[in-house]
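Each ligand, and each atom within it, is numbered from 1 in the order the structure gives. Keep in mind that what you see is a predicted model, and the values were worked out from it rather than measured.
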Amino acid sequence: MRRFISLMLLLLVCAGCASSRQTMPVSQVSPEPTQPPTSSPLPTTISTPTLIPYPTLAATMPPNYIFDQNKRLGRGVNLGNALEAPKEGQWGVTLKEGYFQLIKEAGFTSVRIPIRWNAHAANTPPYTIDPAFFERIDWAVNQSLSRGLVAVINIHHYLEMFENPAAQRERFLAIWSQIATHYKDYPDSLFFEPLNEPNGALSYYEWNQISRDTLAIIRQTNPTRPVVIGPADWYSYSMLKELKLAEEDRNIIVSFHYYQPFQFTHQGADWAPGSDAWLGTTWKGKTAEKGNITWDFDRVVEWSKQKNRPIYLGEFGAYSKADMDSRALWTSFIARQAEVRGFSWAYWEFCSGFGAYDPVLKMWNEPLLTALIPK
Ligand code: BGC
């Protein structure tokens with residue numbers, strides 16, 4: 001709760017730390033996110049001292065390839081609360097063929113598919129992924145690709161990684177080795193994302209090592225596959241400066257997530273402690289409100305130019321307890337501000353608590369859809 005002590009401080013001074021957040025759905029209690037370790041010393045012990053050699057990236061792509069791939073991501077939506085639930089359906093969303101069609105027809109160009117692979121892999125070596133689960137993911141990926149939607153598949157809610165990354169490292173890498181091998185011949189419209197929102201004990205230092213090793217494994221079978229990676233501390237843009245990527249690997253898209261002002265986007269969200277007190281928070285698009293966002297986004301642009309890496313805003317959204325006018329205004333502002341800076345984006349999420357689509361009424365939430373895809 002430290003970071004919420006002063007809203008004023010948050011707005012005026014600490015735009016950088018503002019991206020720290022709690023994100024677990026209703027049925028889970030997430031650990032307190034780590035403080036942004038901007039000035040903290042490096043850990044004295046390194047749990048993963050041995051780096052897996054990066055294969056020589058023989059297949060080179062034109063310099064613009066990854067920027068073009070990011071453009072193809074374009075405007076997307078997260079198929080949240082389905083395959084990253086402990087079991088699909090447990091959080092109220094079971095993916096249907098019709099959903100992919102609706103998303104395509106609405107004008108989106110990509111989907112991000114959060115997946116809890118770790119709940120479907122053995123706990124002992126070789127950590128085999130359940131073949132039936134693989135089939136289900138194949139189905140979701142094929143539903144996307146067959147409609148011309150780019151698909152991003154990730155590992156989402158691998159909670160044990162955030163508690164003890166060293167103990168999970170071997171299993172995490174083994175899961176990625178299987179995913180990478182399984183999809184190696186899929187078209188380049190399928191993107192991989194190693195891990196959603198590293199946080200907790202998975203510090204930026206550990207994350208730099210493990211994400212690099214994950215990439216090294218992925219590159220053995222997928223030398224040119226676009227891979228999406230975000231910084232530690234819940235994909236906070238303020239942690240981009242700590243993100244270390246293999247310089248020679250140019251087929252990386254860098255992601256961040258954005259839910260600021262948190263008291264607005266997460267009001268009444270039961271996984272954000274104290275958030276009932278924020279109910280009634282509006283977002284009117286006042287100059288100062290807009291300025292906070294554009295300032296944050298401009299920092300991302302600076303980083304991206306300096307590093308020559310394309311940017312994907314992989315999650316943003318305002319929870320259903322906020323008023324619809326504010327939600328639509330904020331959503332539209334974020335989407336357009338991302339677009340003018342060349343960021344691709346994916347709204348969080350399709351048909352659950354932040355839902356752009358209402359699965360009960362079987363209708364798009366029009367103000368949100370129009371905010372995302374203007375008519
Ligand atoms: C989490 C969701 C959460 C959302 C907004 C996502 O990264 O996976 O569970 O609802 O962020 O907090």
For ligand 1, which atoms, with element, lie under 4.0 Å from some heavy atom of [X]?
| X | answer |
| --- | --- |
| H157 | 8 (O), 9 (O) |
| E315 | 6 (C), 7 (O), 11 (O) |
| E197 | 7 (O) |

Counting only heavy atoms, which portion of W348 has something under 4.0 Å from ligand 1: side chain, backbone, both, or neither?
-> side chain
Ligand 1 versus N196: contacting region, heavy-atom distance under 4.0 Å | side chain
Establish, yes or no, whether a centroid distance under 6.0 Å links the rings of [X] and [Y].
| X | Y | result |
| --- | --- | --- |
| W117 | F133 | yes |
| Y319 | W271 | yes |
| F162 | W207 | no |
| Y347 | F354 | no |

Does H156 reach ligand 1 with a nitrogen or oxygen that is under 3.5 Å from one of the ligand's nitrogen or oxygen atoms?
-> yes
Close N or O approach (W271, ligand 1; < 3.5 Å) |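 Yes, there is a polar N/O contact under 3.5 Å.
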Check whether the side chains of S344 and N70 place a donor and an acceptor atom closer than 3.5 Å, and report yes or no.
->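 Side-chain D/A pair, S344 to N70: present.
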Is the closest side-chain donor-acceptor distance between E315 and Y259 under 3.5 Å?
-> yes
Does H266 reach ligand 1, in the sense of a heavy atom lying below 4.0 Å from it?
-> yes
Is there a heavy atom of Y319 sitting under 4.0 angstrom from any atom of ligand 1?
->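 Judged by the 4.0 Å heavy-atom criterion, Y319 does not count as contacting ligand 1.
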N196 and side chain to side chain donor-acceptor pair (under 3.5 Å): which partner among R116, R112, H157?
->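 When side chain to side chain donor-acceptor pair (under 3.5 Å) is applied between N196 and each of R116, R112, H157, only R112 qualifies.
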